[in-house]
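The structure presented is a predicted model; accordingly, all values stated were derived computationally and were not measured.
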Amino acid sequence: MRDLGVPSTIILTGATTGIGRATALALTGRASHLILHGLEPEAQVGELLGAVRAALPSEATLSYFAADFSELVEAERLVSDIRGVTDRVDLLINNAARPGPPTRTVTDTGYEITFQTNYLAPVVLTSGLLDLITDGRILNIASATHLSATLHLDDLTLARHGYSPSTAYAHSKLALVTYSCWLATHRPNPAIDVVSQHPGIIATRLLHAMFAVGGDRPEHAAANIAHVASLRDDNGTYYDERRPAPPNPEATEPATQDRLHAATVDLLAY
């Protein structure tokens with residue numbers, strides 16, 4: 001496998017808390033341009049950005065953009081912001097995610113908020129930047145919870161199916177893994193690798209918002225993400241931490257992938 005350890009242009013979403021914060025610091029040694037996304041305005045994440053700048057090579061560049069993925073227009077704006085500072089992407093890590101809220105919540109665009117934030121927004125970002133990833137890697141951060149989920153292709157925003165925070169979260173992550181498998185097959189350039197990953201059971205606010213369990217430190221997930229990010233020639237692989245593993249069988253079914261893609265195109269034509 002070819003190593004991505006050489007300096008490169010890296011985009012990391014959800015970079016200001018939990019796994020994302022630890023991953024931002026873990027990636028500094030391999031970035032010539034590190035582009036971070038977070039929910040908070042830049043003024044509120046000065047401590048993190050200062051730590052990242054201190055860890056970056058002296059000649060490297062750091063960019064930060066805020067966007068709230070509960071509004072799809074902000075995901076679209078993030079695409080424009082990123083395209084304004086780079087014409088090349090070597091590694092895109094779609095890490096930003098939210099837990100399912102206590103009750104089903106619908107965004108201004110009419111979609112269940114967990115599905116929109118964890119799935120539709122990464123699709124918008126990836127699609128908008130795909131032409132810049134000519135010889136690079138897309139890593140979608142998923143969750144082992146997707147293994148027990150069912151993809152409701154007739155009800156992607158969970159209007160008619162039973163709702164719980166964990167169900168909504170697992171459903172959104174199954175959609176993301178299925179999309180990863182679809183894009184791996186339909187990538188516009190064979191030099192692009194598309195993979196997805198469960199980074200571990202990690203003690204974060206996201207985990208504890210839905211599950212009464214412990215977990216490893218965010219640095220454990222960050223090390224797993226950095227390792228998988230450094231690999232190549234594994235297009236379409238799903239990783240359980242650092243180990244290739246079978247995803248939910250639904251995600252690997254071409255007919256399911258195509259139906260999800262068609263439904264996604266329709267949803268994004270809002």
Answer with yes or no whether the side chains of [Y] and [X] bring together a donor and an acceptor at under 3.5 Å.
| X | Y | answer |
| --- | --- | --- |
| T114 | Y119 | no |
| E71 | T107 | no |
| Y239 | N224 | no |
| T16 | E40 | yes |

query = So, are R30 and D90 salt-bridged, with charged N and O less than 4.0 Å apart?
reply =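 No, this pair does not count.
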
key: Pairing of D193 and R187 as salt bridge, 4.0 angstrom limit   =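 R187 and D193: salt-bridged.
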
Between [X] and [Y], what is the shortest heavy-atom contact and its length?
| X | Y | value |
| --- | --- | --- |
| G128 | V79 | O-CG1, 3.6 Å |
| N95 | G20 | ND2-CA, 3.4 Å |
| R232 | A191 | NH2-O, 2.5 Å |
| L268 | Y111 | N-OH, 4.5 Å |
| F69 | A96 | CE1-CB, 3.9 Å |
| A142 | P199 | O-CD, 3.7 Å |

Do the non-hydrogen side-chain atoms of [X] and [Y] ever get within less than 4.5 Å of each other?
| X | Y | result |
| --- | --- | --- |
| V89 | I10 | no |
| V195 | I138 | no |
| H171 | F115 | yes |
| I192 | D135 | no |
| I113 | V106 | no |
| L62 | L36 | yes |

request  = Nearest 0.5 Å please: distance from the CG atom of D87 over to the CD1 atom of I82.
outcome  =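 Reported to 0.5 Å precision, the distance equals 13.5 Å.
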
request  = Nearest 0.5 Å please: distance from the OG1 atom of T178 over to the CD atom of Q257.
outcome  = 7.0 Å

ask   = How are the rings of H152 and H161 set to each other: parallel, tilted or perpendicular (split at 30° and 60°)?
value = parallel

inquiry  = Does D108 have more than 12 heavy atoms from other residues, nucleotides or ligands lying within 6.0 Å of its CG?
reply    =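 No, CG of D108 has 12 or fewer neighbouring heavy atoms, counting only those of other groups under 6.0 Å.
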
inquiry  = Tell me whether the count of non-hydrogen atoms from other residues, nucleotides or ligands lying under 6.0 Å of CG in D154 goes above 12.
reply    = yes

Contacts of type side chain to side chain donor-acceptor pair (under 3.5 Å), residue N140, not counting sequence neighbours =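 Here the qualifying residues are N94, S180.
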
task = Identify, with sequence neighbours excluded, every residue that meets side chain to side chain donor-acceptor pair (under 3.5 Å) alongside H186.
result =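 H186: side chain to side chain donor-acceptor pair (under 3.5 Å) contacts with W182.
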
Examine distances only and state if a side-chain atom of [X] and a backbone atom of [Y] form a donor-acceptor pair shorter than 3.5 Å.
| X | Y | result |
| --- | --- | --- |
| H198 | S143 | no |
| T28 | L25 | yes |
| T9 | H33 | no |
| T105 | P101 | no |
| R137 | I93 | no |
| E112 | G100 | no |
| S148 | T145 | yes |
| H37 | L12 | no |
| D155 | R160 | yes |
| R104 | T157 | yes |

task = Please identify each residue that fulfils salt bridge (Lys or Arg N to Asp or Glu O under 4.0 Å) with E241, with sequence neighbours left out.
result = none

message = Can you list everything that forms a salt bridge (Lys or Arg N to Asp or Glu O under 4.0 Å) with D68? Sequence neighbours excluded, please.
response =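 Not a single residue meets the salt bridge (Lys or Arg N to Asp or Glu O under 4.0 Å) criterion with D68.
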
request  = Show your reasoning for whether side-chain hydrogen bond (donor to acceptor under 3.5 Å, both in side chains) applies to T256 and E250.
outcome  = CA-CA 7 Å; T256 300; E250 288 189 58; 5.3 Å; no

key: Residues that, via side-chain heavy atoms closer than 4.5 angstrom, fall in one hydrophobic cluster with Y163   =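 Cluster partners of Y163: L158.
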
ask   = Looking at the rings of H146 and Y169, which for Trp means the six-membered one, are their centres under 6.0 Å apart?
value = no

remark   = Residues pairing under side-chain hydrogen bond (donor to acceptor under 3.5 Å, both in side chains) where one sits in residues 41-57, two or more places apart or in two chains, turn out to be none

